[in-house]
Amino acid sequence: VSRDLLGRHLTVVVGGGGVGKTTLAAALALGSAREGRRTLVMTIDPSLRLKDALGVGEEAKDEPVRVFQAGSGSLDAALLDAKRTFDRLIRTYAPDGTAAQRIFANRFYQDLAGSLSGILEYMAMERLFEMQASGLYEKIILDTPPIRQAMDFLQAPERMMNLVDSKAIKFALDPWWDDEGRRNLALRIAFKGAMELSDRLIGRRFLGDLVEFIRAFAPLFDGFRSRAEAVRSLLKAEGTRFLLVAGPGPDRVPDAMFFLRKLKETGHRTGPILVNQVHPDPGPAREEDQGRSLLRYLAGRDQRGLALLARLFPGEKRILPVALEPVPPTNLQTLGQLFQKLAAAELI
Amino acid sequence: MIATLAEEMPIQETLELIERLRAGPGIRPDLVVANGLYPALGREAAGGRRSDLWAARRRVNEAELSRLAANWDGPLLELPLLPLEPGPELVAALAAALAEVDR
């Protein structure tokens with residue numbers, strides 16, 4: 001199982017919110033380091049406890065921080081921060097410092113960088129590419145943002161390319177906008193109401209900021225496009241595996257299947273499916289109490305979920321049940337114990 | 001109304017959401033619901049490896065509820081994890097618990 005989970009250069013851990021993705025990614029990364037690989041785990045702003053467990057703070061948003069070393073193996077942790085990655089990208093592609101400053105100072109950029117749908121996902125991919133290209137690591141594990149719409153994440157590079165090529169952007173770059181983004185347009189299309197309407201809806205200053213932003217951004221578009229293409233190829237490369245982490249129980253199966261189908265359709269390669277937080281059977285008891293009968297119910301429910309999922313992959317043995325931990329791992333030692341359990345678990 | 005689980009990350013996200021609602025649009029939630037709580041421990045819970053799981057998960061719930069209480073002084077409703085399939089029976093049981101709060 002350890003080879004199935006760690007045998008590739010790049011592992012992308014995906015799944016819904018609250019299924020324990022971040023903890024499993026950290027445990028796998030520690031296991032990889034203990035097996036002697038130079039390993040990096042990249043995670044989006046993880047839980048406080050996991051930050052403590054890995055012993056990293058804000059500084060890991062800028063550069064990877066060493067959290068474990070033994071023999072040839074090491075573990076570095078990096079926290080993904082969409083805004084800082086975006087800033088770094090702009091410094092890389094801006095023709096000069098003035099152009100970069102012009103973008104940073106723009107109000108629209110300040111809002112956009114942290115909030116535009118898909119940006120966080122794209123920035124995760126972008127940072128991954130930077131780290132992969134650095135050549136410092138034999139094994140990289142990426143913990144992804146929780147995804148509601150699986151496609152948001154998988155299509156992030158395409159969406160960035162489409163944004164760059166979009167009509168809206170070409171439109172804004174057209175010289176018939178003045179610096180405040182209004183007068184020439186009104187003259188040109190001779191429709192005063194349009195600007196009054198847009199004033200009311202979004203505000204003239206906002207529109208001006210938007211146009212200014214797109215113009216300042218224009219020189220960066222070529223760099224962005226080629227980079228997004230490279231990120232897309234990396235995700236589909238032979239050495240990349242997507243590990244899906246799913247919650248237990250029959251209700252979670254449709255979500256898991258939906259995501260697996262999307263991964264397959266879009267040409268990505270999937271590894272084992274980790275079904276996490278499976279309640280173990282409490283076993284026979286002299287007296288049945290409330291807690292025990294609840295655990296018994298949950299164990300039965302989770303077994304039904306596993307059986308349902310296993311039936312959908314006949315003969316494949318690619319489902320890895322992971323028992324619910326009594327206490328979530330809080331340090332390297334307990335993360336290591338979790339990895340031991342993962343490595344010893346049997347695929348079904 | 002904010003719904004959460006009494007586990008570390010959901011509680012952290014709840015606290016951040018309360019703060020963002022306050023600082024941004026100036027909204028204060030009417031209610032926070034902590035759903036899916038493991039039942040409180042009885043005296044008999046001490047023995048056996050499996051009931052350790054229950055005890056440990058309940059302690060996680062309690063620790064996170066205290067952390068929530070330290071940062072949220074508004075109404076809080078605790079809903080138990082019930083051995084019921086999603087469906088009318090579960091909805092009815094949760095609705096009964098919510099109706100309690102309205103009173």
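Chain naming here is simple, since letters A, B, ... match the order of the sequence lines and numbering starts at 1 in each.
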> Between CZ of A:R261 and CE of A:M257, what distance do you get to the nearest 0.5 Å?
Replying inline: 8.5 Å
> Can you tell which of B:R59, B:E7, B:R58, B:E85 has the highest number of heavy-atom pairs within less than 4.5 Å of chain A?
Replying inline: B:E85
> Roughly how far, to the nearest 0.5 Å, is the CD1 atom of A:I273 from the CG atom of A:L243?
Replying inline: 10.0 Å
> In terms of heavy-atom proximity below 4.5 Å to chain A, should B:L84 be classed as side chain, backbone, both, or neither?
Replying inline: backbone
> Does any heavy atom of chain A fall under 4.5 Å from the side chain of B:P86, the backbone, both, or neither of them?
Replying inline: side chain
> Counting heavy-atom pairs under 4.5 Å to chain B, which of A:L298, A:D251, A:L324 comes out on top?
Replying inline: A:L324
>> With a sphere of 6.0 Å drawn around CD of A:Q337, does it hold more than 12 non-hydrogen atoms of other residues, nucleotides or ligands?
In response: yes
>> Evaluate B:E8 against B:E64 for side chain to side chain contact (heavy atoms under 4.5 Å, CB included), listing each step before the verdict.
In response: CA-CA 6 Å; B:E8 197 263 350; B:E64 292 304 328; 3.8 Å; yes
